[in-house]
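Have a look at the structure below, then the notes.
Counting starts at 1 for both ligands and their atoms, in listed order. All heavy atoms count here, side chains included; hydrogens, waters and symmetry mates do not.
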Amino acid sequence: MSHLGIEPLHDDFGARVTGTALTGHMPDGDLAAIRDAIDTYSFLCFPGQDMTDEKQLAFTRLLGEAEAEHVTLGKTGKVTYFGTVGNVEDDGSKRDNAHASTRYATGNQLWHSDSSFREVPSFVSILHAYEVPGEGGATAFASMRAAYGQLDGDLRETIAPLGVIHDYVFSRSQVAPVDPNHAASLPPVMHRLVRENPANGLKNYYVGSHARSIPGWSGIDSRRLLDELLERATQPRHIYAHGWQAGDTAIWDNRCMLHRGTGYDASRWRRRMRQTRVTGREKGIIHGAPAPR
Ligand code: OGA
Ligand code: MN
């Protein structure tokens, strides 16, 4: 049995979870309750966690296989498991607004699902906040499950059989050039546009900034549909913006959620967060390879 406290954060999704530490020995009941809560709420925030990288990686592995961080992997071939979110370097120095990495990170201000551009996209992201800006720096979330639930029957039928190409170079080159090795490591990949949660059967669509086109559709029709689906999911009343407190650990379900950074003044404030991800179970198809079915 679990004694977790679960308080919903928004009508569509999200919960604040208390009564458990992600950083020590985790009772089986707590882990099972967290897995259930991921399937049910899609976004979980655990305040006041006494986190370190080592503890975060250990917790990440309780949920599944840690995903190799794609920037380092693509550029150097080295497997690492952490991404730093924010503007603080490993040596503690701060990058300001003019720094190239700050600009590159603005790609995260487009609505997206982490790793949707990978052959095997991620299941969840886990983000721990160490330092937060005094102003700004919230992360906004919206549910493509809730949005799917609001579609009329005709549109559901239209999108049911479709694939969607997700392409990192397409999305990221809108804000900054992508390193050639990194780009070569991430060929466009096709996923099903409609996905289903295997635990509860709930469906969602799967779009975001990396979604480039619909195979078999013209460019213009693809864009119209993908933009419309994104817009429906991200109406203001469907957004929960998480204002981070130092010590928050959040977990979100990339299979069905969109998120985006809302920005902050990097020249003025420090923001340091560490992210790990758990690999998903559903495999897409590298674009151009023969379809398996
Ligand atoms: C992320 C992300 C945006 C932000 O951590 O995956 O997209 O800066 N973050 O809040
Ligand atoms: Mn992200």
Shortest protein heavy-atom distance from [atom], along with the residue and atom involved:
| atom | result |
| --- | --- |
| atom 6 (O) of ligand 1 | Gln275 NE2, 2.8 Å |
| atom 9 (N) of ligand 1 | Val85 CG1, 4.2 Å |
| atom 8 (O) of ligand 1 | Arg271 NH1, 2.8 Å |

For Trp252, which part has a heavy atom under 4.0 Å from ligand 1: side chain, backbone, both, or neither? side chain
Checking contacts here: is it the side chain or the backbone of Arg274 that comes within 4.0 Å of ligand 1, counting heavy atoms only? Could be both or neither. neither
Carboxylate-amine/guanidinium proximity below 4.0 Å for [X] and [Y]:
| X | Y | result |
| --- | --- | --- |
| Arg232 | Glu228 | yes |
| Asp50 | Lys55 | yes |
| Arg255 | Asp39 | yes |

Over 60° means perpendicular and under 30° means parallel, so tell me whether [X] and [Y] are parallel, tilted or perpendicular.
| X | Y | result |
| --- | --- | --- |
| Tyr206 | His166 | tilted |
| His70 | Tyr168 | perpendicular |
| His210 | His112 | perpendicular |
| Phe13 | His10 | parallel |

Would you mind telling me which of Val88, Asp265, Val85 makes a side-chain contact (heavy atoms from CB on, under 4.5 Å) with Arg271? Val85
Test item, [X] contacting ligand 1 (heavy atom, 4.0 angstrom):
| X | answer |
| --- | --- |
| Met273 | no |
| Gln109 | no |
| Trp244 | no |

Below 4.0 angstrom from a heavy atom of [X], which ligand 1 atoms are there? Numbered from 1 as shown, please.
| X | value |
| --- | --- |
| Leu127 | 5 (O) |
| Thr139 | 4 (C), 10 (O) |
| Asp114 | 6 (O) |
| Asn108 | 3 (C), 7 (O) |

Are the aromatic ring centres of Phe43 and His259 under 6.0 angstrom apart? no
So, of the N/O/S atoms that Asp114 has, which is the nearest one to the Mn ion (ligand 2)? OD1
Select the closest option to atom 7 (O) of ligand 1 among Arg260, His242, His112, judged by heavy-atom distance. His112
